[in-house]
Structure formats: structure tokens, C-alpha cells
Amino acid sequence: MSRTSRSFRTVAATASLAALGLLATACGDGDGDGSGKAAGGGTAAQPVEITYWSWMPGTKQTAEAFNASHDTIKVKFAEVPAGLAGGYDKLAAAVKAGNGPDVMNIEYQAVPDLVTQGLLADSSKLLGPTVKKQPEQVQALVTLGGKQWAAPFDVAPQMLYYRKDLFEQHKIAVPKTWDEFRTAAEQIKQADPEARITSFWGDESATWAGLAQQAGAKWYGTEGDAWKVNINDAATKKVAAYWGDLVKNDLVFNHKAWSPESTKAASENKVYTRLGASWSAGSLKTEQAKQEGKWASAALPGWGDGKIGMVGGSSFAVIKDSKKAEAAAEFIKWATTSPEAVKARLSPGTSSAMPADEALRETAKASFDTKFYGGQDIYATASEQVPNIATGWVWSPVHNATSVDLVAALAKAQDGNFAAAFDTAQATAEKLINDRGLKLAK
């Protein structure tokens with residue numbers, strides 16, 4: 001997951017009130033009636049050319065595969081920085097200058113922010129039927145005010161990856177509940193004193209969001225035309241207390257996310273599990289290639305109700321003021337519903353993204369080499385968890401900016417006192433909503 005950039009926070013915070021007039025109900029004009037400003041069809045002799053921006057693995061190959069199979073629409077691909085590392089800033093500047101792309105990949109947590117900045121087109125008529133075929137949990141992430149602003153590509157249930165060989169060696173049961181996880185943590189520390197059950201990424205806001213969602217938290221919501229903020233609710237505090245206890249009792253490593261320390265501990269066989277998402281199977285395989293055949297995936301331990309959270313995931317959006325919205329939508333529909341698109345997207349071999357469209361998961365499975373996981377059908381394991389993703393979770397227009405303060409506060413909690421960080425984030429989110437001229441529910 002990309003870290004929030006200070007520059008994106010500045011762009012978002014200084015956006016004009018006119019652009020922010022969407023408020024919680026997202027009732028702006030977007031591209032008018034959502035039908036686009038030009039017909040999508042060209043001819044083989046004169047195809048319509050659309051521009052597509054992305055930074056995600058396999059997206060260049062996706063554009064190439066579309067071009068190879070379509071005559072009347074051609075996609076011009078351009079690689080941009082990751083969204084929160086400059087990509088969204090670039091989009092905002094381009095739209096303001098009148099030369100934005102036609103299509104861009106948007107992470108789910110960024111959709112409300114970009115909608116309220118007036119950067120995405122209302123694609124209800126062009127993409128609405130496609131969106132409504134997807135799981136409820138991802139439909140909610142691209143729908144604001146009853147309008148569809150993007151089409152989901154993947155769904156990302158939070159998962160547990162574990163060293164099958166080490167659990168078997170020490171005869172420790174793979175935990176299914178968080179109580180069992182703590183017990184296993186104690187057993188691992190006793191059996192292998194230099195090792196810990198996991199390298200907990202205490203400063204990773206996306207991990208915390210998924211864990212909070214699983215516990216029943218709803219960090220954001222709407223009440224009429226006002227936004228509600230509940231980042232420091234009881235469910236989140238419960239999760240913070242749980243992980244704080246593990247840190248204080250030295251039962252987990254409290255490493256920075258994606259840090260060399262975390263990678264080194266895993267490579268030295270000192271980490272028995274990793275908390276991740278369905279897409280993490282690919283990144284873990286790349287990071288720890290020498291441990292082929294030793295890892296497996298399982299459902300994330302839970303609180304007893306069978307629920308889990310979601311971490312990450314992305315969509316395809318038509319950008320505001322695109323003169324070729326219908327052609328852009330045709331590309332998006334192909335990219336999110338076609339087996340050929342999934343094959344192309346996963347062709348680099350480094351991604352284990354799981355399509356939101358259930359019908360495409362067999363294609364994704366066939367495109368991913370599972371030797372690293374001992375031949376385990378990791379797509380089946382992850383797909384089984386999709387119905388268990390807790391519903392009712394939405395993001396807000398201020399989450400990306402709020403994450404800056406949340407991550408900074410979490411990074412200071414090396415002693416495991418995580419709860420205060422969520423109080424900080426609560427105050428930040430409330431202030432940002434007011435500062436933007438949006439309504440805050442009492």
C-alpha cells in the first residue's frame with residue numbers, strides 16, 4: 001500500500017468549495033448525465049484513442065492486450081507515480097489544465113476524495129450495470145450518493161499467511177481466533193525464543209483499517225448530507241488494546257511496514273506469519289523467493305462471528321471532462337469483466353490480485369504460479385472469505401489526508417500504546433471535514 005503524501009493532502013485541503021459541493025451525497029454534475037460527450041465507436045481506419053494512467057503491476061500489459069484485440073478503440077498507456085506518491089496530484093493538475101487522461105486506476109480509499117475534488121466523472125449510466133454485478137462490499141466503495149464513480153477491479157479480503165513448515169515442526173496449531181493467535185504467539189516464543197509469531201506493521205494504516213472493520217468498526221459514514229467520523233470507536237480501541245498487549249509482552253515484532261527489518265526477520269525464519277490481503281500472496285512470493293514451498297494461506301483469525309476486513313483494492317474510473325467517455329467505459333468494462341484482461345493483468349507473475357467478478361477467479365488462479373505455496377489453491381482460500389467481509393464500510397473524502405497524522409502517531413507507539421493514535425486521527429478527520437466546508441454530523 002502506498003503511503004499518503006503531504007502534497008496530496010495539500011491539494012485536497014485547498015480544493016475549491018465548488019469542487020467540494022458534492023458533500024456526503026456526492027451530488028455534483030460530474031460529466032452531466034453520465035453518457036459521455038462523444039460516441040465511443042471509431043473505425044479500424046480511424047480508431048478512437050483514449051489515454052490510460054496507472055502504476056499498478058500488469059496494467060501496461062492490460063492495455064497492450066486490449067489493443068491487440070480491438071480495432072475501433074486504442075489505448076495509449078502512460079505510467080504515473082503511485083496514487084498517494086504523486087499520481088493523484090498529477091491527475092488533479094492535469095484535470096485543472098484540461099489535459100487529464102480518459103481512464104485511471106483509483107484505489108478504493110481514494111474514490112471519495114477524488115469525487116469531492118471533481119476529478120472523476122459520474123459513470124452511472126456507462127458503468128452502473130457493471131458495478132451492480134460485483135460483490136456488495138466493493139459496490140459500496142465506488143458508489144456515492146447513489147451514483148457510480150468507478151468500476152471495481154479486485155476485492156481484497158484480509159488473510160493470514162503462515163510458515164507451514166515451522167508450525168508443523170513445533171506442533172503448533174494454526175490459529176483460527178485471536179485468542180488462539182495469542183496462545184500460538186506464546187508457544188512460538190517458548191519454542192523458538194529468537195522468533196515471533198508475526199512482524200506486526202504497527203504503522204500501517206491499511207492493516208489497522210482491515211482489523212477494525214473485522215471487529216465491527218465503521219470509521220466513516222453519512223447522516224443525511226453530513227459525514228460521521230468514528231475512527232476511535234470501541235471496536236477500534238478493542239483491536240488497539242489487543243495488539244498493544246502483544247507488543248508490550250514481546251510476543252510480536254513491532255516493525256515498520258515494508259521495512260528492511262521486517263523483510264530480514266522473515267528471511268531469517270524468525271517470522272511465522274504475515275497479516276496481508278489476497279494480493280499479498282504475490283508480494284510475499286517475490287520478497288521471500290528462497291522460501292518456496294514453505295508458506296500457506298488461511299482465513300484471518302477472528303473474534304468468533306466469522307467476519308473479516310478488507311485491505312486495499314482498486315478500480316477503474318472515467319476521468320472528468322473526458323471527451324471520449326463512452327470509449328473509456330468500453331475499455332473499463334473489458335478490463336474488469338474479460339478473462340483476457342485478467343490474464344494480461346497477472347502476466348508479469350508478481351500479482352495475486354483477486355477479481356471482484358467471481359466468474360474471473362478461475363482465470364486468475366490459472367495465471368498464478370502456486371509453487372511458493374506448495375501448490376495450494378490460494379485463490380479458493382481467499383475467495384471463500386469474500387462473503388465474510390463485513391459490510392457497511394465506506395471511506396470518506398478526508399481519509400487520505402487523515403492517514404498522514406494517523407501513520408505518524410502510530411509510528412511513535414513503539415511501546416504498544418496504539419489507542420492514542422486513533423484519538424489523533426479522529427480529531428484530524430473532524431477538523432478536515434470542517435475545513436473543507438463539508439458538514440460534520442453532531
Exercise for the section: Please say which of Asp405, Ile433, Ile231, Val229 ends up in a side-chain contact (heavy atoms from CB on, under 4.5 Å) with Thr428. Expected result: Asp405
Minimum heavy-atom separation for [X] and [Y], please, with both atom names.
| X | Y | value |
| --- | --- | --- |
| Ala317 | Ala150 | CB-CB, 3.9 Å |
| Val394 | Leu141 | CA-CD2, 4.3 Å |
| Thr62 | Ala335 | CG2-CB, 4.3 Å |
| Val75 | Tyr52 | CG1-CB, 3.6 Å |
| Gln61 | Pro348 | NE2-CG, 3.7 Å |
| Ala235 | Ala217 | CB-N, 3.6 Å |

Could you tell me whether the side chains of [X] and [Y] share a donor-acceptor contact shorter than 3.5 Å?
| X | Y | result |
| --- | --- | --- |
| Glu107 | Trp395 | no |
| Gln426 | Glu430 | yes |
| Asn400 | Ser403 | no |
| Ser297 | Gln376 | yes |
| Asp192 | Tyr272 | yes |
| Asn417 | Lys248 | yes |
| Asp179 | Thr177 | no |

[X] side-chain N/O to [Y] backbone N/O, donor-acceptor pair under 3.5 Å:
| X | Y | value |
| --- | --- | --- |
| Ser259 | Ser262 | yes |
| Lys285 | Gly349 | yes |
| Asn249 | Leu251 | no |
| Thr116 | Asp113 | yes |
| Trp53 | Met104 | no |
| Gln158 | Ile308 | no |
| Asp154 | Met354 | no |
| Arg345 | Pro57 | yes |
| Ser351 | Leu346 | no |
| Glu180 | Lys176 | yes |

Practice task
Would you kindly check if the NZ (Lys) or CZ (Arg) of Lys238 is within the cone defined by 45 degrees around the ring axis of Trp303 and under 6.0 Å from the six-membered ring centre?
Solution key: yes
Check: [Y] and [X] side chains under 4.5 Å, non-hydrogen atoms:
| X | Y | result |
| --- | --- | --- |
| Gln291 | Arg163 | yes |
| Pro101 | Leu91 | yes |
| Leu126 | Gln148 | no |
| Leu84 | Gln109 | yes |
| Pro112 | Tyr220 | no |
| Ile319 | Asp102 | no |
| Phe167 | Ile188 | yes |

Is [X] salt-bridged to [Y], going by a charged N under 4.0 Å from an acidic O?
| X | Y | answer |
| --- | --- | --- |
| Asp245 | Arg182 | yes |
| Lys333 | Glu330 | yes |
| Asp377 | Arg361 | no |

Handout entry: ring-ring contact (aromatic ring centres under 6.0 Å, His included) contacts touching residues 422-442 (sequence neighbours left out)
Key = Trp208-Phe422
Using the benzene-type ring in the case of Trp, are the ring centres of [X] and [Y] under 6.0 Å apart?
| X | Y | value |
| --- | --- | --- |
| Trp393 | Tyr108 | no |
| Trp243 | Phe181 | yes |
| Trp334 | Phe66 | yes |

Look at atom [atom1] of [X] and say whether more than 12 heavy atoms of other residues, nucleotides or ligands are closer to it than 6.0 Å.
| X | atom1 | answer |
| --- | --- | --- |
| Glu194 | CD | no |
| Lys237 | NZ | yes |
| Lys189 | NZ | yes |
| Glu358 | CD | no |

Practice task
Start with the C-alpha distance between Met56 and Ser314, add both sets of side-chain angles, then the distance that settles side-chain contact (heavy atoms from CB on, under 4.5 Å), and finish with yes or no.
Solution key: CA-CA 9 Å; Met56 298 178 182; Ser314 66; 3.4 Å; yes
Practice task
Take Asn105 and Phe316 through the side-chain contact (heavy atoms from CB on, under 4.5 Å) test and state the conclusion after the steps.
Solution key: CA-CA 5 Å; Asn105 285 120; Phe316 285 77; 3.4 Å; yes
Exercise for the section: Show your working on side-chain contact (heavy atoms from CB on, under 4.5 Å) between Tyr373 and Leu284 and close with a plain yes or no. Expected result: CA-CA 10 Å; Tyr373 297 96; Leu284 180 60; 3.7 Å; yes
Practice task
Could you check Thr402, Asn230, Thr236 and say which one makes a side chain to side chain donor-acceptor pair (under 3.5 Å) with Trp219?
Solution key: Thr236
Practice task
Mind running side-chain contact (heavy atoms from CB on, under 4.5 Å) on Gln288 and Thr263 for me, showing each step along the way?
Solution key: CA-CA 8 Å; Gln288 301 295 335; Thr263 299; 3.8 Å; yes
